[in-house]
Colleague: 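Structure in C-alpha cells, see below.
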Amino acid sequence: MPAPEARAQQDPQQDPQQDPQQDAQQDPQSGKQGGVQSVHRALDLLEVVAGRGGHLTIGEIAAATDLPVPTTHRLLRTLVDRGYMRQMPNRRYALGFRLVPLGATAGSTVGVDTEGVLSGLVDALGETANLAVLSGSRAQYVAQVPSRHTMRMFTEVGRQVDLHSTGVGKALLAQLDDDRALEHVRRVGLAPQTEHTLTTEADLLADLALVRERGYALDEQEQEAGVRCVAVAVGPGPTSWMAVSVSGPLTRMTDDLVARAVPLLHAAGRRLHSPAT
C-alpha cells in the first residue's frame with residue numbers, strides 16, 4: 001500500500017483503494033462516530049456546493065470540507081451516480097436534479113401558500129417573517145420572507161438553532177410539558193448565545209410558563225444582540241410542530257409592534273396549520 005503522502009498526490013479522477021474500516025472510525029474534526037460518518041461527509045459536500053454558488057471544482061469542494069481529494073472524489077462519484085450531484089462539461093460539480101422532487105415534497109409539508117402567508121406578515125408589520133419546525137432537539141428554519149428595510153434580519157433557510165434562545169424554539173417547547181421540554185434542552189445544553197440568554201432550567205421553565213399563559217414567545221436579544229423576535233406555535237394543541245415568527249432590530253421591534261404582531265401571527269398560524277402533522 002502506498003504511503004499516505006503518495007496517496008494524496010494521486011490523480012483525483014482515480015478512485016484509490018479505501019480502507020473499509022475508515023468510515024467506521026471517528027472523524028477527529030467533526031466528532032462524528034460510526035458508519036454514519038460518510039453520510040455526514042456526503043451531506044457536507046451538498047451543503048458546500050449549495051452555499052458557494054452552486055458549482056465548484058473538486059479541489060474547491062475538498063478545501064471547503066477539509067477532506068482529502070481522493071475521499072472527496074469517492075463521495076462525489078456516489079452522489080453523481082445517484083443523481084444528487086452532477087459533473088458539468090467543464091469538470092465542475094453542481095447540485096443534481098434528483099434533489100428537486102425531494103425539496104418539493106419537503107416544502108409541501110409546511111403548509112399551503114407558506115410564502116404568501118409570510119409575505120402578508122411582512123406587508124403588515126414591515127419586519128422579517130420566518131417559519132421554523134422542530135427538528136430533533138433544535139428548531140430549523142424552513143421558510144422566510146425578508147423585511148423590505150435595508151437593515152433587516154436574515155436567517156438562512158435550513159439553519160438549525162437552539163430551542164432555549166430563540167422565539168420559535170421557545171414557542172415549540174411551550175407546546176410540551178416541562179419534562180419533555182427539558183429532555184430536549186438537556187440533549188444540547190443551554191449555551192449562552194448572548195448575555196441575555198436563559199442559561200438555567202429554572203429560568204427557562206418560568207419563561208415557558210409565561211409563553212403558555214400569554215400565547216406567544218419572545219426572544220429578547222437572547223440569540224443575537226440587538227435583535228428581538230416574537231413567535232407563536234402553528235395550529236392548536238400539543239401536536240404543534242411548527243412556529244411562525246417576526247423578527248427585527250430592537251429599535252423597530254417595539255412593544256407596540258409586538259402587540260400588533262401577536263394576533264396576526266396567530267392568524268397566520270391558523271392558515272399554515274395542516275392536519276399532516
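Computed from a predicted model, the values in this text were never measured in an experiment.
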Colleague: Under 3.5 Å, is there a donor-acceptor pair between the side chain of H149 and the main chain of T128?
Modeller: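 Flag not set: sc H149 to bb T128 has no pair under 3.5 Å.
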Colleague: Are V142 and V161 connected, step by step, through hydrophobic side chains (Ile, Leu, Val, Met, Phe, Trp, Tyr) whose heavy atoms are closer than 4.5 Å?
Modeller: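 Each belongs to a different hydrophobic cluster.
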Colleague: Can you hop from L131 to L121 via hydrophobic side chains spaced under 4.5 Å?
Modeller: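 L131 clusters together with L121.
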Colleague: Counting only heavy atoms not in R187 (residues, nucleotides, ligands), do more than 12 fall under 6.0 Å from its CZ?
Modeller: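 Yes.
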Colleague: Within the side chain of S135, is there an N or O that forms a donor-acceptor pair under 3.5 Å with the backbone of R138?
Modeller: no
Colleague: Determine yes or no for a side-chain-to-main-chain donor-acceptor pair under 3.5 angstrom, with H266 supplying the side chain and G215 the backbone.
Modeller: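 Yes, H266 side chain to G215 backbone: donor-acceptor pair under 3.5 Å.
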Colleague: Between Q160 (side chain only) and A139 (backbone N and O only), is there a donor and an acceptor less than 3.5 Å apart?
Modeller: no
Colleague: Does the side chain of Y93 reach to within under 4.5 Å of the side chain of L79, using non-hydrogen atoms?
Modeller: no
Colleague: Quick one: closest heavy-atom pair of R159 and Q223, and the distance?
Modeller: NH2-NE2, 3.4 Å
Colleague: Are side-chain heavy atoms of L163 and V188 found at a separation under 4.5 Å?
Modeller: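 The answer is no; the side chains never approach within 4.5 Å.
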Colleague: Going by heavy atoms in the side chains, are V232 and V244 under 4.5 Å from each other?
Modeller: yes
Colleague: Run the salt-bridge test on R52 and E60 with the 4.0 Å N-O cut-off and return the result as yes or no.
Modeller: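 A salt bridge is absent here (no side-chain N lies under 4.0 Å from a carboxylate O).
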Colleague: Less than 4.5 Å apart, any side-chain heavy atom of H196 and any of S165?
Modeller: no
Colleague: Evaluate the side-chain proximity of H73 to I58: yes if any heavy-atom separation is below 4.5 Å, no if none is.
Modeller: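 In contact.
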Colleague: Can you check side chain to side chain contact (heavy atoms under 4.5 Å, CB included) on T78 and L75, steps first, answer last?
Modeller: CA-CA 5 Å; T78 300; L75 293 168; 5.9 Å; no
Colleague: Just by modelled atom types, is the R228 backbone N or O under 3.5 Å from a matching donor or acceptor in the S247 side chain?
Modeller: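 Not a single qualifying donor-acceptor pair exists.
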Colleague: Rounded at 0.5 Å granularity, tell me how far CG in D162 sits from NE2 in H184.
Modeller: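 Reported value, rounded in 0.5 Å steps: 13.0 Å.
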Colleague: Do the non-hydrogen side-chain atoms of R41 and T65 ever get within less than 4.5 Å of each other?
Modeller: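 The answer is no; the side chains never approach within 4.5 Å.
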Colleague: Would a distance-only check, ignoring hydrogens and angles, find a side-chain to backbone donor-acceptor pair under 3.5 Å from R86 to A94?
Modeller: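 Between the backbone of A94 and the side chain of R86 there is no qualifying donor-acceptor contact (under 3.5 Å).
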Colleague: Just do the side chain to side chain contact (heavy atoms under 4.5 Å, CB included) check on H55 and R92 with the steps written out, would you?
Modeller: CA-CA 6 Å; H55 50 85; R92 298 172 76 88; 3.4 Å; yes
Colleague: Would a 4.5 Å heavy-atom cut-off, applied to side chains only, mark L95 and M85 as touching?
Modeller: yes
Colleague: Is the side chain of T71 donor-acceptor paired with the backbone N or O of L67 at a distance under 3.5 Å, no angle test?
Modeller: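 No, because the side chain of T71 does not come within donor-acceptor range (under 3.5 Å) of the backbone of L67.
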Colleague: Does L45 belong to the same Ile/Leu/Val/Met/Phe/Trp/Tyr cluster as L43, with side-chain heavy atoms less than 4.5 Å apart forming each link?
Modeller: yes
Colleague: Do Y141 and V117 share a hydrophobic cluster (ILVMFWY, side-chain heavy atoms under 4.5 Å, transitive)?
Modeller: no
Colleague: Verify the cluster assignment for V211 and V246: are they in a single hydrophobic cluster under the rule of side-chain heavy atoms below 4.5 Å apart?
Modeller: no
Colleague: For D219, is there any backbone N or O sitting under 3.5 Å from a side-chain donor or acceptor partner on K170?
Modeller: no
